[in-house]
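Please read the structure below before turning to the comments.
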Number of protein chains: 2
Amino acid sequence: MAHASSDQTPATWRHSAEVALRAAGLRCTFPRRAILDWIAAATGPFTAEQLVAALEAQHGSSSRATIYRLLDWLQSAGWLTRIYSDGTQHAYARFWPGHHHTAVCVRCGSAAVISECHVEESIRPALAALDFEIHGHVLELYGVCTNCRTRAD
Amino acid sequence: MAHASSDQTPATWRHSAEVALRAAGLRCTFPRRAILDWIAAATGPFTAEQLVAALEAQHGSSSRATIYRLLDWLQSAGWLTRIYSDGTQHAYARFWPGHHHTAVCVRCGSAAVISECHVEESIRPALAALDFEIHGHVLELYGVCTNCRTRAD
DNA sequence: CGAGTTATTGATACACTGTCGCAAGTTTAT
DNA sequence: ATAAACTTGCGACAGTGTATCAATAACTCG
(Lines give C-alpha, C1' and ligand atoms only; values in the text may rest on other atoms or scores of the structure.)
Protein backbone atom coordinates (compact mmCIF):
# COMPACT_ATOMS: atom_id res chain seq x y z
CA MET A 1 0.00 0.00 0.00
CA ALA A 2 1.80 3.02 -1.30
CA HIS A 3 -0.31 5.90 -0.08
CA ALA A 4 -2.05 4.88 3.10
CA SER A 5 -3.76 8.22 3.54
CA SER A 6 -5.38 8.18 0.11
CA ASP A 7 -6.57 4.57 0.18
CA GLN A 8 -10.31 4.34 0.05
CA THR A 9 -10.62 1.72 2.76
CA PRO A 10 -13.39 1.63 5.35
CA ALA A 11 -10.96 2.79 8.03
CA THR A 12 -9.87 5.73 5.94
CA TRP A 13 -13.46 6.60 5.19
CA ARG A 14 -14.24 6.52 8.89
CA HIS A 15 -11.38 8.85 9.68
CA SER A 16 -11.93 11.26 6.80
CA ALA A 17 -15.64 11.55 7.46
CA GLU A 18 -14.97 12.47 11.07
CA VAL A 19 -12.42 15.06 10.05
CA ALA A 20 -14.93 16.53 7.61
CA LEU A 21 -17.56 16.57 10.33
CA ARG A 22 -15.36 18.61 12.64
CA ALA A 23 -14.26 20.85 9.77
CA ALA A 24 -17.91 21.64 9.15
CA GLY A 25 -18.17 22.88 12.74
CA LEU A 26 -20.20 19.89 13.87
CA ARG A 27 -19.42 18.11 17.10
CA CYS A 28 -18.12 14.61 17.29
CA THR A 29 -20.44 13.08 19.85
CA PHE A 30 -20.80 9.56 21.14
CA PRO A 31 -23.92 8.73 19.10
CA ARG A 32 -22.34 10.09 15.95
CA ARG A 33 -19.22 8.02 16.48
CA ALA A 34 -21.33 4.90 16.91
CA ILE A 35 -23.07 5.65 13.63
CA LEU A 36 -19.83 6.25 11.76
CA ASP A 37 -18.36 3.06 13.22
CA TRP A 38 -21.28 0.99 12.07
CA ILE A 39 -21.25 2.46 8.57
CA ALA A 40 -17.51 1.93 8.29
CA ALA A 41 -18.00 -1.71 9.26
CA ALA A 42 -20.82 -2.25 6.75
CA THR A 43 -19.85 -4.39 3.79
CA GLY A 44 -22.47 -3.10 1.38
CA PRO A 45 -25.42 -0.78 1.03
CA PHE A 46 -27.77 -0.43 3.98
CA THR A 47 -31.09 1.18 4.80
CA ALA A 48 -31.68 3.75 7.48
CA GLU A 49 -33.83 1.27 9.36
CA GLN A 50 -31.13 -1.41 9.33
CA LEU A 51 -28.86 1.09 10.99
CA VAL A 52 -31.55 2.00 13.51
CA ALA A 53 -32.11 -1.65 14.36
CA ALA A 54 -28.41 -2.44 14.62
CA LEU A 55 -27.73 0.43 17.00
CA GLU A 56 -30.80 -0.34 19.05
CA ALA A 57 -29.32 -3.78 19.66
CA GLN A 58 -26.24 -2.16 21.14
CA HIS A 59 -26.28 -0.89 24.72
CA GLY A 60 -25.54 2.75 23.97
CA SER A 61 -28.02 3.21 21.17
CA SER A 62 -28.68 6.31 19.13
CA SER A 63 -32.20 7.50 18.56
CA ARG A 64 -33.91 7.36 15.22
CA ALA A 65 -33.92 11.14 14.91
CA THR A 66 -30.18 11.41 15.50
CA ILE A 67 -29.49 8.73 12.94
CA TYR A 68 -31.62 10.31 10.25
CA ARG A 69 -30.06 13.70 10.94
CA LEU A 70 -26.54 12.40 10.52
CA LEU A 71 -27.42 10.37 7.43
CA ASP A 72 -28.81 13.51 5.84
CA TRP A 73 -25.65 15.41 6.56
CA LEU A 74 -23.35 12.63 5.37
CA GLN A 75 -25.25 12.42 2.14
CA SER A 76 -25.26 16.16 1.52
CA ALA A 77 -21.54 16.26 2.22
CA GLY A 78 -20.89 13.40 -0.18
CA TRP A 79 -19.86 10.70 2.31
CA LEU A 80 -22.89 8.59 1.50
CA THR A 81 -24.79 8.11 -1.71
CA ARG A 82 -28.46 7.36 -1.95
CA ILE A 83 -29.38 4.01 -3.47
CA TYR A 84 -32.68 4.15 -5.30
CA SER A 85 -33.11 0.53 -6.27
CA ASP A 86 -35.82 -0.45 -3.81
CA GLY A 87 -37.63 2.80 -4.02
CA THR A 88 -39.50 3.60 -0.90
CA GLN A 89 -36.79 3.35 1.73
CA HIS A 90 -33.82 5.55 2.42
CA ALA A 91 -30.91 3.33 1.41
CA TYR A 92 -27.31 4.43 1.34
CA ALA A 93 -23.82 3.24 0.51
CA ARG A 94 -20.48 4.48 1.78
CA PHE A 95 -19.00 6.95 -0.62
CA TRP A 96 -16.27 9.44 -1.34
CA PRO A 97 -17.05 13.02 -2.23
CA GLY A 98 -16.99 13.65 -5.96
CA HIS A 99 -19.00 12.38 -8.87
CA HIS A 100 -19.35 8.60 -8.93
CA HIS A 101 -21.88 5.98 -9.77
CA THR A 102 -22.75 2.68 -8.17
CA ALA A 103 -23.02 -0.81 -9.56
CA VAL A 104 -25.27 -2.76 -7.22
CA CYS A 105 -25.15 -6.54 -7.12
CA VAL A 106 -28.69 -7.87 -7.18
CA ARG A 107 -27.67 -11.07 -5.37
CA CYS A 108 -25.45 -10.03 -2.48
CA GLY A 109 -26.30 -6.34 -2.36
CA SER A 110 -22.72 -5.14 -2.50
CA ALA A 111 -22.17 -1.85 -4.27
CA ALA A 112 -19.10 -1.00 -6.31
CA VAL A 113 -18.24 2.58 -7.07
CA ILE A 114 -17.48 3.67 -10.63
CA SER A 115 -15.61 6.90 -10.89
CA GLU A 116 -15.33 7.33 -14.65
CA CYS A 117 -18.41 8.97 -15.99
CA HIS A 118 -19.08 9.97 -19.55
CA VAL A 119 -22.82 9.75 -19.27
CA GLU A 120 -23.67 13.35 -19.98
CA GLU A 121 -21.32 13.33 -22.94
CA SER A 122 -22.88 10.24 -24.41
CA ILE A 123 -26.40 11.53 -23.96
CA ARG A 124 -25.60 15.02 -25.20
CA PRO A 125 -26.90 14.60 -28.77
CA ALA A 126 -30.31 13.56 -27.48
CA LEU A 127 -30.40 16.47 -25.05
CA ALA A 128 -29.40 18.95 -27.71
CA ALA A 129 -32.49 17.96 -29.67
CA LEU A 130 -34.61 18.64 -26.60
CA ASP A 131 -32.85 21.93 -25.85
CA PHE A 132 -32.59 20.80 -22.25
CA GLU A 133 -30.04 22.42 -19.94
CA ILE A 134 -28.63 19.59 -17.88
CA HIS A 135 -27.67 20.14 -14.23
CA GLY A 136 -27.00 16.64 -13.00
CA HIS A 137 -28.02 13.02 -13.14
CA VAL A 138 -28.58 9.83 -11.22
CA LEU A 139 -27.17 6.62 -12.65
CA GLU A 140 -27.36 3.28 -10.98
CA LEU A 141 -26.33 -0.03 -12.51
CA TYR A 142 -27.63 -3.45 -11.58
CA GLY A 143 -26.06 -6.79 -12.20
CA VAL A 144 -24.08 -9.60 -10.64
CA CYS A 145 -20.65 -9.17 -9.12
CA THR A 146 -17.66 -11.47 -9.64
CA ASN A 147 -18.07 -13.25 -6.34
CA CYS A 148 -21.69 -14.14 -6.87
CA ARG A 149 -21.08 -15.21 -10.43
CA THR A 150 -18.29 -17.62 -9.56
CA ARG A 151 -20.33 -18.99 -6.67
CA ALA A 152 -23.24 -19.88 -8.99
CA ASP A 153 -23.96 -23.61 -9.20
CA MET B 1 -49.46 12.80 -39.04
CA ALA B 2 -48.46 9.85 -41.10
CA HIS B 3 -48.89 6.94 -38.71
CA ALA B 4 -51.64 7.80 -36.28
CA SER B 5 -51.48 4.45 -34.54
CA SER B 6 -47.78 4.75 -33.72
CA ASP B 7 -47.83 8.34 -32.45
CA GLN B 8 -46.90 8.54 -28.82
CA THR B 9 -49.63 10.96 -27.85
CA PRO B 10 -51.54 10.81 -24.55
CA ALA B 11 -54.61 9.50 -26.36
CA THR B 12 -52.61 6.74 -28.02
CA TRP B 13 -51.01 5.88 -24.72
CA ARG B 14 -54.45 5.67 -23.13
CA HIS B 15 -55.71 3.32 -25.83
CA SER B 16 -52.62 1.13 -26.02
CA ALA B 17 -52.41 0.71 -22.28
CA GLU B 18 -56.01 -0.46 -22.15
CA VAL B 19 -55.41 -2.92 -24.96
CA ALA B 20 -52.38 -4.27 -23.12
CA LEU B 21 -54.44 -4.54 -19.96
CA ARG B 22 -57.01 -6.71 -21.67
CA ALA B 23 -54.33 -8.72 -23.46
CA ALA B 24 -52.88 -9.55 -20.06
CA GLY B 25 -56.22 -11.03 -19.06
CA LEU B 26 -57.06 -8.19 -16.73
CA ARG B 27 -60.50 -6.63 -16.67
CA CYS B 28 -61.22 -3.13 -17.76
CA THR B 29 -63.27 -1.83 -14.88
CA PHE B 30 -64.69 1.59 -14.16
CA PRO B 31 -62.06 2.50 -11.53
CA ARG B 32 -59.27 1.41 -13.82
CA ARG B 33 -60.62 3.49 -16.67
CA ALA B 34 -60.77 6.52 -14.38
CA ILE B 35 -57.14 5.99 -13.44
CA LEU B 36 -56.01 5.59 -17.05
CA ASP B 37 -57.98 8.69 -18.03
CA TRP B 38 -56.35 10.78 -15.36
CA ILE B 39 -52.85 9.58 -16.22
CA ALA B 40 -53.44 10.21 -19.91
CA ALA B 41 -54.52 13.76 -19.08
CA ALA B 42 -51.50 14.42 -16.86
CA THR B 43 -48.97 16.80 -18.39
CA GLY B 44 -45.96 15.64 -16.42
CA PRO B 45 -44.79 13.28 -13.69
CA PHE B 46 -47.12 12.67 -10.78
CA THR B 47 -47.05 10.92 -7.44
CA ALA B 48 -49.35 8.14 -6.34
CA GLU B 49 -50.86 10.42 -3.76
CA GLN B 50 -51.63 13.15 -6.27
CA LEU B 51 -53.59 10.59 -8.21
CA VAL B 52 -55.36 9.43 -5.06
CA ALA B 53 -56.31 13.00 -4.19
CA ALA B 54 -57.45 13.84 -7.71
CA LEU B 55 -59.71 10.83 -7.96
CA GLU B 56 -61.09 11.36 -4.48
CA ALA B 57 -62.26 14.78 -5.66
CA GLN B 58 -64.27 13.13 -8.42
CA HIS B 59 -67.66 11.64 -7.66
CA GLY B 60 -66.85 8.08 -8.72
CA SER B 61 -63.56 7.74 -6.91
CA SER B 62 -61.21 4.80 -6.82
CA SER B 63 -59.77 3.58 -3.55
CA ARG B 64 -56.15 3.94 -2.61
CA ALA B 65 -55.59 0.18 -2.82
CA THR B 66 -56.97 -0.03 -6.33
CA ILE B 67 -54.81 2.85 -7.46
CA TYR B 68 -51.61 1.41 -6.06
CA ARG B 69 -52.40 -1.99 -7.56
CA LEU B 70 -52.86 -0.57 -11.04
CA LEU B 71 -49.80 1.66 -10.78
CA ASP B 72 -47.73 -1.39 -9.91
CA TRP B 73 -49.00 -3.27 -12.89
CA LEU B 74 -48.56 -0.34 -15.29
CA GLN B 75 -45.00 0.06 -14.15
CA SER B 76 -44.14 -3.62 -14.43
CA ALA B 77 -45.65 -3.70 -17.90
CA GLY B 78 -43.67 -0.64 -18.95
CA TRP B 79 -46.51 1.88 -19.29
CA LEU B 80 -45.20 3.98 -16.45
CA THR B 81 -41.68 4.67 -15.30
CA ARG B 82 -40.67 5.36 -11.74
CA ILE B 83 -39.22 8.77 -11.04
CA TYR B 84 -36.70 8.69 -8.24
CA SER B 85 -35.93 12.37 -7.87
CA ASP B 86 -37.71 13.07 -4.61
CA GLY B 87 -36.88 9.77 -3.07
CA THR B 88 -39.46 8.65 -0.61
CA GLN B 89 -42.63 8.81 -2.65
CA HIS B 90 -43.86 6.66 -5.47
CA ALA B 91 -43.68 9.03 -8.43
CA TYR B 92 -44.32 8.04 -12.01
CA ALA B 93 -44.40 9.38 -15.53
CA ARG B 94 -46.26 8.13 -18.56
CA PHE B 95 -44.09 5.88 -20.62
CA TRP B 96 -43.86 3.50 -23.55
CA PRO B 97 -42.57 -0.01 -23.15
CA GLY B 98 -38.94 -0.24 -24.14
CA HIS B 99 -35.75 1.23 -22.81
CA HIS B 100 -35.88 4.99 -22.26
CA HIS B 101 -34.63 7.58 -19.85
CA THR B 102 -36.19 10.69 -18.46
CA ALA B 103 -35.00 14.26 -18.29
CA VAL B 104 -36.86 15.94 -15.46
CA CYS B 105 -37.18 19.71 -15.32
CA VAL B 106 -36.42 20.87 -11.81
CA ARG B 107 -38.60 23.97 -12.21
CA CYS B 108 -41.83 22.85 -13.80
CA GLY B 109 -41.59 19.12 -13.17
CA SER B 110 -42.17 18.11 -16.77
CA ALA B 111 -40.38 14.97 -17.91
CA ALA B 112 -39.03 14.40 -21.39
CA VAL B 113 -38.27 10.92 -22.59
CA ILE B 114 -34.94 10.13 -24.17
CA SER B 115 -34.89 7.02 -26.25
CA GLU B 116 -31.28 6.88 -27.39
CA CYS B 117 -29.18 5.19 -24.80
CA HIS B 118 -25.50 4.43 -25.00
CA VAL B 119 -24.96 4.43 -21.29
CA GLU B 120 -23.87 0.85 -20.86
CA GLU B 121 -21.52 1.19 -23.80
CA SER B 122 -19.90 4.26 -22.39
CA ILE B 123 -19.49 2.75 -18.96
CA ARG B 124 -18.28 -0.61 -20.24
CA PRO B 125 -14.53 -0.04 -19.71
CA ALA B 126 -15.09 0.72 -16.06
CA LEU B 127 -17.30 -2.32 -15.64
CA ALA B 128 -14.81 -4.58 -17.35
CA ALA B 129 -12.28 -3.65 -14.70
CA LEU B 130 -14.75 -4.62 -11.98
CA ASP B 131 -15.72 -7.86 -13.76
CA PHE B 132 -19.34 -6.93 -13.16
CA GLU B 133 -22.07 -8.53 -15.25
CA ILE B 134 -24.52 -5.78 -16.00
CA HIS B 135 -28.26 -6.50 -16.18
CA GLY B 136 -29.78 -3.06 -16.33
CA HIS B 137 -29.61 0.49 -15.12
CA VAL B 138 -31.52 3.52 -13.92
CA LEU B 139 -30.62 6.89 -15.39
CA GLU B 140 -32.39 10.10 -14.62
CA LEU B 141 -31.30 13.53 -15.74
CA TYR B 142 -32.13 16.82 -14.04
CA GLY B 143 -32.06 20.26 -15.51
CA VAL B 144 -34.17 23.05 -16.93
CA CYS B 145 -36.38 22.68 -19.97
CA THR B 146 -36.64 25.16 -22.84
CA ASN B 147 -39.88 26.69 -21.63
CA CYS B 148 -38.64 27.43 -18.16
CA ARG B 149 -35.36 28.78 -19.44
CA THR B 150 -36.94 31.24 -21.85
CA ARG B 151 -39.38 32.29 -19.16
CA ALA B 152 -36.55 33.19 -16.77
CA ASP B 153 -36.36 36.90 -15.88
C1' DC C 1 -79.60 -12.42 -23.27
C1' DG C 2 -79.12 -14.44 -18.60
C1' DA C 3 -76.64 -17.19 -15.25
C1' DG C 4 -72.38 -18.72 -13.53
C1' DT C 5 -67.57 -18.04 -12.70
C1' DT C 6 -63.93 -15.39 -11.42
C1' DA C 7 -61.47 -11.24 -10.94
C1' DT C 8 -61.76 -6.89 -8.63
C1' DT C 9 -63.14 -3.51 -5.45
C1' DG C 10 -63.29 -0.77 -1.26
C1' DA C 11 -63.48 -0.27 3.66
C1' DT C 12 -60.93 -0.73 7.55
C1' DA C 13 -57.24 -1.44 10.09
C1' DC C 14 -52.53 -1.71 10.27
C1' DA C 15 -47.34 -1.23 9.83
C1' DC C 16 -43.58 1.34 8.75
C1' DT C 17 -40.69 5.25 7.74
C1' DG C 18 -39.42 9.59 8.50
C1' DT C 19 -40.21 14.32 10.88
C1' DC C 20 -40.91 17.86 14.56
C1' DG C 21 -40.40 20.39 18.95
C1' DC C 22 -38.45 21.06 23.14
C1' DA C 23 -36.30 20.16 27.76
C1' DA C 24 -32.20 17.96 29.41
C1' DG C 25 -27.65 16.68 28.61
C1' DT C 26 -22.89 17.09 26.15
C1' DT C 27 -19.22 19.13 23.89
C1' DT C 28 -16.06 22.70 23.10
C1' DA C 29 -13.62 27.00 23.89
C1' DT C 30 -12.12 30.21 27.17
C1' DA D 1 -13.87 24.98 35.75
C1' DT D 2 -17.50 27.65 33.55
C1' DA D 3 -20.34 29.38 30.15
C1' DA D 4 -22.26 29.17 25.60
C1' DA D 5 -23.89 26.60 22.09
C1' DC D 6 -24.91 22.53 19.87
C1' DT D 7 -26.95 17.93 20.19
C1' DT D 8 -29.67 14.38 21.92
C1' DG D 9 -33.70 11.67 22.77
C1' DC D 10 -38.28 11.28 23.83
C1' DG D 11 -42.81 11.20 22.48
C1' DA D 12 -46.15 12.22 19.46
C1' DC D 13 -47.38 12.78 14.89
C1' DA D 14 -48.14 12.44 9.77
C1' DG D 15 -47.87 10.35 5.46
C1' DT D 16 -47.44 6.46 2.50
C1' DG D 17 -48.16 2.00 1.25
C1' DT D 18 -50.07 -2.89 2.34
C1' DA D 19 -53.15 -6.86 3.91
C1' DT D 20 -57.67 -8.87 4.45
C1' DC D 21 -62.00 -10.27 2.99
C1' DA D 22 -66.92 -9.94 2.12
C1' DA D 23 -69.56 -7.72 -1.45
C1' DT D 24 -69.66 -6.45 -6.14
C1' DA D 25 -68.86 -6.05 -11.00
C1' DA D 26 -67.00 -7.80 -15.33
C1' DC D 27 -66.47 -11.26 -18.64
C1' DT D 28 -67.89 -15.97 -20.82
C1' DC D 29 -70.57 -19.31 -22.53
C1' DG D 30 -74.64 -21.65 -23.52
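Treat the numbers as computed from the prediction; the structure is a model and nothing was measured.
- Each end of the helix from C:dC1-D:dG30 to C:dT30-D:dA1 gets its own axis from five base pairs, and the two axes differ in direction by 40°, given to 10 degrees.
- Pairs passing the salt bridge (Lys or Arg N to Asp or Glu O under 4.0 Å) check and including a residue from residues 68-78 of chain B, sequence neighbours excluded, do not occur.
- Here the C1' atom of nucleotide D:dT7 and the CH2 atom of A:W73 are 15 Å apart, to the nearest Å.
- Look at CD on B:E56: it is 13 Å from P on D:dG15, rounded to the nearest Å.
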Short heteroatom pairs, N/O only, protein and nucleotides 18-22 of chain D, under 3.5 Å:
none

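- Partners of B:Q50 by side chain to side chain donor-acceptor pair (under 3.5 Å), not counting sequence neighbours: none found.
- Judged as a side chain to side chain donor-acceptor pair (under 3.5 Å), and not counting sequence neighbours, B:T81 has no contacts.
- Rounded to a whole Å, the CZ atom of A:R32 is 10 Å from the P atom of D:dG9.
- Listed by chain and residue number, nothing satisfies the side chain to side chain donor-acceptor pair (under 3.5 Å) test with A:T43 (two or more places apart in sequence, or in another chain).
- In this structure, B:Q50 atom CD and D:dG15 atom C1' are separated by 14 Å, rounded to whole Å.
- Among residues two or more places apart in sequence or in another chain, the side chain to side chain donor-acceptor pair (under 3.5 Å) test is passed with B:Q75 by none.
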Dump the pairs, protein N or O against N or O of nucleotides 25-27 of chain C, anything under 3.5 Å, distances to one decimal.
| unit_1 | atom_1 | unit_2 | atom_2 | d |
| --- | --- | --- | --- | --- |
| C:dT27 | O2 | A:R27 | NH1 | 2.9 |

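- Applying the salt bridge (Lys or Arg N to Asp or Glu O under 4.0 Å) test to residues at least two apart or on different chains, the pairs with a partner in residues 27-40 of chain A are A:R14-A:D37.
- Not counting sequence neighbours, the partners of B:F46 by the ring-ring contact (aromatic ring centres under 6.0 Å, His included) test are B:W38.
- Here A:A20 pairs with A:W73, A:W79 under the side-chain contact (heavy atoms from CB on, under 4.5 Å) rule; sequence neighbours left out.
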